[in-house]
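Some notes on the structure that comes next.
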Amino acid sequence: MQEYNHSEIEQKWRQYWEDHQTYRVEEDESKTKYYVLDMFPYPSGAGLHVGHPLGYIASDIYARYKRLKGFNVLHPMGYDAFGLPAEQYAIETGIHPAKSTSQNIDRYRKQLSQLGFSFDWSREVRTCEPGYYKWTQWIFTQLFDHYYDLSDNKAVPISKLISTFDQSGNADVHAFATPSRDFTAAEWQSFDAKQQAEILMDYRLAYRRIGYVNWCEALGTVLANDQIKDGVSERGGHPVEKRAMTQWYLRITAYAERMLNDLAQIDWSESLKTMQVNWIGRSEGAAVFFDIVDHSAQIEVYTTRPDTIFGATFMVLAPEHPYVQQITTDDQREEVDAYLEYVKSRSERDRQAEVKTVTGTFTGAYAINPLNKAKVPIWIAEYVLMDYGTGAIMAVPSDDERDQKFSEKFGIEIIDVVDKSDYPGAGLHDKVGKMINSGFITGMQVPEAIEAVCQKVEDEQLGSRQVNFKMRDANFSRQRYWGEPFPIVYDDADIAHVLPIAELPVELPPSDDFTPTAAGESPLARMKDWVALPNGMKRETDTMPAVAGSSWYYLRYMDPHNDESFVATEKVNYWKDVDLYIGGAEHAVSHLMYARFWHKFLYDLQLVPTAEPFKKLINQGMIQGVIESVLLDKDPIDGKQRFVCAKLAAARGDADFARIPVKIEFVNDYGSDESHLDLAGIQKFIDWRSTYQDAIFECIEGEVINGVFHPRENAVSPTFYTHSEVGKMSKSKYNVINPDDVINRYGTDCFRMYEMFLGPLENSKPWDTNGIDGVSKFIKKCWRLFFDLEGRLTVSDENPSKDELRILHQTIKKVEEDIERHSFNTCISHFMVAVNQLRAFKTQKRAIAEALTILLAPFAPHLAEELWQRLGHLASVHQASFPTFEAEHLVVSEISYPISINGKKRAEASFAANASKEDVEREALALDSIQKWIDGKTVRKVIVVPKRMINIVVG
RNA sequence: GCCGAAGUGGCGGAAUUGGUAGACGCGCUGGAUUCAAAAUCCAGUUCUCGCAAGGGAGUGUGGGUUCGAUUCCCACCUUCGGUACCA
């Protein structure tokens, strides 16, 4: 008996596709373009895991479907190759990131090839190659050379701004910027180069300013938030503090309004759009200046509730606020310093998330409420963040929960200013009610009061109306090696200059030392010869973040080898934008914000023809893994690090422990309540993480120190329980499962169909191979539909019967509809149903077999190709045309109706398809099976939904 | 904390616009085939009461709207994603 041999057949067709360049695509004006894009993979050292292909399979099915429908489909793949993990790996192992990245890419490529995707590999890009990052750097130079003009509502060259300054100063400049002062043309001309450069920085779309980083003294490096767990470094558990550094920023906030408005023109899920709307966080309010008693400086606050200003009984500055040092009184100095020390150790996320206990300290200084001249104390507190708004708030304890908690804790006066008694059920933040205790606005309704205060503030020049965004400008500097160098040099006066295109790319210099300098500068700062240029200039030593390369890669795929331009105009005018983008929801804000921002900027420069990059977007769910971790006691005893088994730790509470991830292969019974390390597992863990070599592992049976078990009483062996949770499959969680084994055993087509069969694309689900046999059986059954036991084709040229045509067209209809709505799991079910039904016929008719093969081609491209060839075709099935659905094959004369009594199904009956409502009702009521339910009761109502159901209401 | 999503049999899931809850598949049970096993095929399989016929309950929890709710509304619980230097 000849069975379907997946490894041989799949191998054969992959070779054929490569030899024949089946998926190569060129611009073709005679066809409609369709661009199907996958989110850019980062080539992780753990290889491709079973979660990655989920989206790729879906997009591949759709791309293949669109080709069968006659579209010219662009479906490329490449690598987001710069990033922290490769650098981290280099620090640990000494292997250069370029080398490990290239090896990882090779592995990815091999794995991707095995999945039978229809990528045009001639278009592959890698962000870490100079030919690519030349253009990332070039786009940065354009951002540096432009500012956002609010009159034109777009990016405008900075040269135009300079000539305006020359002619009339900045009084008439209407720009999205952060100017620190007003000046005339004469003043501008009198400024020296340094002063002028600093002023321009307030306008540029790429600019420098001070920002805060997570500095870990013990590791001597800046940490990503991801590398910090429970306030200490994930690696080693060392303290982390905030440190100020001058860094590059991108003025993404200039585009906030447009990014918000243009959401209306793109086909993304409402939930995703909502996330972006909330991230942008547009609010309308007022900026108001408060005088400080005995100081000349003023504190600027931004408030969305200017109406509540009479209830502002104190002010709060962010601990990092520049005024804190100067206004703190001698009496309070010690307390303030101690508090600042505390805040340094707190992560931004902790500071925002903290609600149970508020903390803060009085500075000793007072401010004057500009409207009622009340003297109010100035406090500092961690819940005010320097990067939000102005880094200072007027606190209104009567109308804000945080302020309320704060005033309760520290005994600060609360003045009720809004009477909401006319609005029962209104929340604290609803802008309704009548003003009380509020000077000239007392008695006004809230909206009216907001308007009145804004007007007064403007009339008396105490501030101005303002639109604010919660979104902040993007920090674009990394003190790291493995990223794009900035195309920036500094002169003697520390003025930044961009390099002209002729000097791009600025290549990343070879190095084998990837640790930052003692001062926290990037590793590049160590390379004096590279930093210092012959002309006396010095290079910028920070590098760009990984989002740089991924913010425009979809454009490069249109023209990947162009050395004259980031993309040729005629190519971008043909491919325009991405029609379907599939990727994880974890990119909902970060990547999708940056890419939209860059695209709009390029649109302003007339370099791309559309205002939005991604027309339709689907978030694939995540295939999750099990994260296993051991619990490290945050308080070492006698300086010894101590791990405590999860069952012992449970008694003490989570807060006392840091979770240190463990490779799942070390863990016995991983994923269950009983997951644990045995003695060998502990040994593997300390061999792998040598920093914990001397740590103590405490469990119920005793302690393990340096791999030696010290039992308590008569215990024989230790069971060190680990903490397990469902979560992301990620190299950093050491829980990656590769697809290779599954493919070897079941074949690519089976793997592809199984991943789709798992459930809806958008849902997250833990990886599990239970059920893959069902798909495997389906493929075999499908094969047997075409061949007898000796492997002879059993397809005949007879005309198909009515039943066969009905089965086929039912399947065409359902599969087509479901592909269109990206419901791939149900497509697989439809195929199974079709094959089960067709098995009733001894031989298959050619017309049915061929159509079914084409339907199957996007899902099981190898199998379909083999069937197609055996059916006698010479060209690839992927160049065929999708079969056309013909409704006449589905016409039925009778329809089966469920009949319910009071909403509960009690009977079933068939009625003619063309029967009238009245006929159906009369016949239904006459049925014996119904009579017994309505006997002796009153029929109050009969609902007949034609072709659907009948409901009889009795009482 | 805040923003977003999900929750349906033993398991993955289906039900597209408010209209037969559990399609399809896994697993399980029984049977056929076989010396035996694998493979294959056939039948059954939400829970519960019942010999059966036939009832009752049922889509995370509690309420509501409706002739009718997995689907709409309100409140809550749990899990997952994001939270600005993982990508």
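So you know, we letter chains A, B, ... as the sequences are listed, proteins then strands, and number each from 1. Small disclaimer: the values here were computed from a predicted structure and weren't measured.
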With rounding to the closest Å, how many angstrom separate the [atom1] atoms on [N] and [M]?
{"N": "B:U16", "M": "B:A23", "atom1": "P", "value": "15 Å"}
{"N": "B:G22", "M": "B:G13", "atom1": "C1'", "value": "9 Å"}
{"N": "B:A32", "M": "B:A37", "atom1": "P", "value": "12 Å"}
{"N": "B:G62", "M": "B:A53", "atom1": "C1'", "value": "37 Å"}
{"N": "B:A14", "M": "B:U78", "atom1": "C1'", "value": "24 Å"}
{"N": "B:G60", "M": "B:U66", "atom1": "C1'", "value": "23 Å"}
{"N": "B:G82", "M": "B:U29", "atom1": "C1'", "value": "46 Å"}
{"N": "B:G68", "M": "B:U17", "atom1": "C1'", "value": "15 Å"}

Return the pairing partner of [N] with a 3.5 Å limit on both distances, Watson-Crick or G-U wobble; otherwise return none.
{"N": "B:A6", "value": "B:U78"}
{"N": "B:U83", "value": "B:G1"}
{"N": "B:U71", "value": "none"}
{"N": "B:C51", "value": "none"}
{"N": "B:C24", "value": "B:G12"}
{"N": "B:U40", "value": "B:A32"}
{"N": "B:U46", "value": "B:A57"}

At 4.0 Å (heavy atoms only), tell me whether [X] reaches a base, stays on the sugar-phosphate, or touches nothing.
{"X": "A:H591", "value": "nothing"}
{"X": "A:M471", "value": "base"}
{"X": "A:S550", "value": "nothing"}
{"X": "A:N836", "value": "sugar-phosphate"}
{"X": "A:W933", "value": "sugar-phosphate"}
{"X": "A:K470", "value": "base"}

Nearest-neighbour nucleotide for the [X] side chain, [options] considered:
{"X": "A:N278", "options": "B:G4, B:G82, B:A87", "value": "B:G4"}
{"X": "A:R948", "options": "B:A23, B:G19, B:G13", "value": "B:G19"}
{"X": "A:R839", "options": "B:C41, B:C67, B:C85", "value": "B:C41"}
{"X": "A:P85", "options": "B:C86, B:C24, B:C85", "value": "B:C86"}
{"X": "A:Q624", "options": "B:G19, B:C85, B:C80", "value": "B:C80"}
{"X": "A:T826", "options": "B:C85, B:A15, B:G19", "value": "B:A15"}
{"X": "A:A224", "options": "B:U83, B:C85, B:G4", "value": "B:C85"}
{"X": "A:R349", "options": "B:G82, B:U83, B:C41", "value": "B:U83"}
{"X": "A:V945", "options": "B:U83, B:G19, B:C41", "value": "B:G19"}
{"X": "A:K777", "options": "B:A87, B:U40, B:G25", "value": "B:U40"}

State, to 0.1 Å, how close A:S233 and A:V240 come at their nearest heavy-atom pair, and which atoms those are. N-CG2, 3.7 Å
Salt bridge (Lys or Arg N to Asp or Glu O under 4.0 Å) between A:E382 and A:K242, worked out: CA-CA 13 Å; A:E382 63 171 347; A:K242 292 272 173 222; over 6 Å; no
Going by a 90° cut-off around 0, is B:G9 syn or anti? syn
Between A:S823 and A:P41, the residue closer to the 5' end of RNA chain B by nearest nucleotide is A:S823
Which is more 5' along RNA chain B, the nucleotide nearest A:K780 or the one nearest A:N951? Just name the residue. A:K780
From A:R478, A:R209, A:Q479, residue fulfilling side-chain hydrogen bond (donor to acceptor under 3.5 Å, both in side chains) relative to A:Q247: A:Q479
Residue-phosphate contact under 4.0 Å: A:N225 side-chain N/O, B:U83 OP1/OP2: no
Nearest whole angstrom, please: distance from the [atom2] of [N] to the [atom1] of [X].
{"X": "A:E762", "N": "B:A5", "atom1": "CD", "atom2": "P", "answer": "12 Å"}
{"X": "A:K904", "N": "B:A69", "atom1": "NZ", "atom2": "C1'", "answer": "13 Å"}
{"X": "A:R478", "N": "B:A84", "atom1": "CZ", "atom2": "P", "answer": "11 Å"}

Could you tell me whether A:R596 sits above the aromatic face of A:W268, with NZ or CZ closer than 6.0 angstrom to the six-membered ring centre and within 45 degrees of the axis? yes
Does the base of B:C85 carry an N or O that pairs as donor and acceptor with the side chain of A:Q479 under 3.5 Å? yes
Checking only heavy atoms, does the side chain of A:R480 share a donor-acceptor pair with the base of B:C85 at less than 3.5 Å? yes
Check ring pair (Phe, Tyr, Trp, His ring centres under 6.0 Å) between A:F751 and all other residues, then give those that pass, not counting sequence neighbours. none
Is it true that A:K917 and A:E921 make a salt bridge, defined as a side-chain N closer than 4.0 Å to a carboxylate O? no
Distance-only polar pair, side chains of A:W482 and A:T543, donor-acceptor under 3.5 Å: no
Between A:S522 and A:D542, does any side-chain donor sit less than 3.5 Å from a side-chain acceptor? no
